[in-house]
Protein chains: 2
Amino acid sequence: METPKNPTSIQHRIREGLSRVAMVMRVDDWNRAKRAGINPTQLSILELLEGRGDGLGVKEIAFHLGVSQPTATDSIAALERKGCVEKRQTETDRRGVSVAITTAGLTALRAGDGEESLANQATEALAAHEQEDLLVMLIKMIRQLQVNDAIPIQRMCTSCRFFAPFAHADAAQPHHCKFVDAAFGQRDLRIDCRDHETADAAIRAATWAVFENGRD
Amino acid sequence: METPKNPTSIQHRIREGLSRVAMVMRVDDWNRAKRAGINPTQLSILELLEGRGDGLGVKEIAFHLGVSQPTATDSIAALERKGCVEKRQTETDRRGVSVAITTAGLTALRAGDGEESLANQATEALAAHEQEDLLVMLIKMIRQLQVNDAIPIQRMCTSCRFFAPFAHADAAQPHHCKFVDAAFGQRDLRIDCRDHETADAAIRAATWAVFENGRD
DNA sequence: GCAAATAAATAGGAATCCTATATATATGCG
DNA sequence: CGCATATATATAGGATTCCTATTTATTTGC
């Protein structure tokens, strides 16, 4: 039941809360970017490209960032001027380019981190089990957005062909990663694993069904 | 235990997840703003001013938005040109101004909503009890940021003088709002209540202690 | 009464970000 | 084959955001 005045849905209030957290993350991004000598948007691109040696197309980058394609072109050009990325012509399609991070780009990215971020301060207000729950909820939310085609497939365990959810009886480390051939726990689930390899749609659906139902 | 390769902290991965969600919220904001005939930053300002009849100063607005004061001046001027806000001179301090939303501003704000947002789609991937947990976690995170002076006090129940946490035995509606004199549940906690009145620091601390420990 | 602090505006400039359009290449189909 | 359509990216043009540094007006403190 709602209090009589000012009624809102819980979805609305969650959105308000997320938006406050997003705001401090933007401040974090400015600080990190400043240390790296670039801008927040450019930093996002470098983060996206890190660990993707083969590079990404301009359109893909735009979709990942949630901006228009010309905006992505802009920022890629700015990064190129600074020597942080390089564009290669695609072999198969001569219209396309493949944007990849350079050594200089990786150095800039490294220069960015360090210093306690505000987002970390916020997360530290949560108990360990809450952090774990939050991570799992975020994975569920992100997966929903993927299913709805609102965002591209991320490099999360749940869409990876190496992921075997709840493969072990051990409650602390129920999952198995076939890439490293090791058991791991809920709190170790990856959002952006560079060893990720997207599984086929059918496999993804099956994996998700097991993951979602959990261990019971 | 981490998988051997690519080790990261759970804080880091939560940040990655939040940043993905923040990205789709930015897309939502563009869509809403476009419907309202303004820009995302301007929309944030209107949302901030809604329900604050007395208005806010330029510096306060900048702090709430996490931008510099001249940037806030810029966007306020843009809103003023469109007739969405008006500046009044402060009575007590003739240096200061008080920015308040106008009827036209409220109309624009209303024009913005409608349409299912991507953020809502994401939230709907969660079960009702998960949504409630998420809301409470966000409150804890935001409160931590306030305590650290990273963001201003929000209009959350937990800092409100009308809020009496866990005042009732009823597990479904343990809290009490002295403003409307009614019981309400965890899932009804407000992030941005327009009836909020900030309690004294000592009261806030006591209220928080009760809220945080929960019903046990 | 005057120095220091504060609120907001201004100056100057880079970068983001949009829509609309142009260019080059690929693909599909009769 | 040849042409229409689709796709990948770049360009054009323009509004706005966003920064740092500085200026202006006012208040506060000693």
Side-chain angles (χ1 to χ4, degrees), chain A residues 22-23 26-46 55-82 84-100 108 152, chain B residues 22-23 25-46 55-82 84-100 152:
Chain A
M23 203 165 290
R26 203 172 49 183
V27 174
D28 275 342
D29 281 345
W30 261 105
N31 291 334
R32 279 199 307 150
K34 218 177 300 179
R35 283 195 296 272
I38 55 177
N39 293 344
T41 309
Q42 296 171 21
L43 187 71
S44 303
I45 295 178
L46 291 186
L56 281 179
V58 173
K59 200 170 193 175
E60 288 173 295
I61 291 174
F63 190 28
H64 270 280
L65 263 61
V67 298
S68 67
Q69 169 262 311
T71 297
T73 297
D74 267 357
S75 291
I76 291 164
L79 283 171
E80 208 179 6
R81 264 180 264 122
K82 293 173 188 165
C84 291
V85 301
E86 65 180 7
K87 283 198 269 196
R88 293 184 290 250
Q89 216 183 42
T90 311
E91 312 245 320
T92 51
D93 187 338
R94 279 189 304 181
R95 291 170 305 181
V97 295
S98 169
V99 182
Chain B
M23 204 164 289
M25 289 185 46
R26 201 173 51 184
V27 174
D28 275 342
D29 281 345
W30 262 105
N31 290 334
R32 279 199 307 151
K34 219 177 298 178
R35 284 195 296 270
I38 55 177
N39 293 341
T41 308
Q42 296 171 21
L43 186 72
S44 303
I45 294 178
L46 290 187
L56 281 179
V58 173
K59 200 170 193 174
E60 288 172 295
I61 291 174
F63 191 27
H64 270 279
L65 264 62
V67 298
S68 68
Q69 169 262 309
T71 296
T73 298
D74 268 355
S75 292
I76 291 163
L79 283 170
E80 209 179 5
R81 263 181 265 124
K82 294 173 187 167
C84 291
V85 301
E86 65 180 7
K87 283 198 272 196
R88 292 185 290 250
Q89 215 182 45
T90 311
E91 312 246 317
T92 50
D93 186 339
R94 280 188 302 180
R95 290 169 305 181
V97 295
S98 169
V99 183

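Between B/Asp74 atom CG and C/dG12 atom C1' the separation is 12 Å, expressed in whole Å. Distance A/Gln89 CD to C/dA26 C1': 14 Å, rounded to the nearest Å. In this structure, the CD atom of A/Glu80 is 13 Å from the C1' atom of D/dT9, given to the nearest Å. Atom NZ of B/Lys59 is separated from atom C1' of D/dT26 by 14 Å (rounded to the nearest Å). For the pair B/Glu91 CD and D/dT27 P, the interatomic distance rounds to 13 Å; values are reported in whole Å. Between A/Ile76 atom CD1 and D/dA10 atom P there is a gap of 7 Å when expressed in whole angstrom units. As a whole-Å value, the separation of A/Phe63 CZ from D/dT7 P is 15 Å. Straight-line distance from the CD1 atom of B/Ile61 to the P atom of C/dA7: 14 Å, rounded to whole Å.
For A/Gln69 against D/dA10, a side-chain N or O and a base N or O form a donor-acceptor pair under 3.5 Å. Judged by distance alone, with hydrogens and angles left aside, B/Arg95 brings a side-chain donor or acceptor within reach of the base of C/dT6, the pair sitting under 3.5 Å.
The heavy-atom pair separating A/Val99 from A/Lys87 by the smallest distance is CG2-CG, 3.9 Å. Taking every heavy atom of both residues into account, B/Ile76 and B/Val85 meet most closely at O-CG2, 3.9 Å. Heavy-atom minimum distance, A/Arg88 versus A/Gly55: NH2-N, 4.5 Å. The two atoms that bring A/Val67 and A/Ala72 nearest to each other are CG2-N, 4.3 Å, heavy atoms only. Minimum heavy-atom separation, B/Leu43 to B/Ala33: CD2-N, 4.0 Å.
The pair B/Arg26-B/Asp29 does not count as a salt bridge, with every side-chain nitrogen at least 4.0 angstrom from each carboxylate oxygen.
Considering only side-chain N and O atoms, A/Asn39 lies nowhere under 4.0 angstrom from the phosphate OP1 or OP2 of C/dA14. OP1 or OP2 of C/dT19 sits under 4.0 Å from a side-chain N or O of B/Lys34. Residue B/Thr71 places at least one side-chain N or O closer than 4.0 Å to OP1 or OP2 of D/dC19. Phosphate proximity of C/dT16 to A/Ser75: present, with a side-chain N or O under 4.0 Å from OP1 or OP2.
Nearest to the side chain of B/Trp30, among C/dA9, C/dC17, D/dT11, sits C/dC17. Nearest to the side chain of B/Arg94, among D/dT27, D/dT17, D/dT11, sits D/dT27. Comparing C/dA8, D/dC18, D/dT9 by their closest approach to the side chain of B/Val67 singles out D/dC18.
Nearer the 5' end of DNA chain D, as judged by each residue's closest nucleotide, is the contact made by A/Thr73, out of B/Asp93 and A/Thr73. Mapping A/Gln42 and B/Ser98 onto DNA chain C by nearest heavy atom places B/Ser98 closer to the 5' end of the strand.
Within 4.0 Å (heavy atoms only), B/Pro70 reaches at least one base atom of the nucleic acid. Note on A/Ser68: a base of the nucleic acid sits closer than 4.0 angstrom, heavy atoms only. Within 4.0 Å of A/Thr41, counting heavy atoms only, lie sugar-phosphate atoms of the nucleic acid but no base atom.
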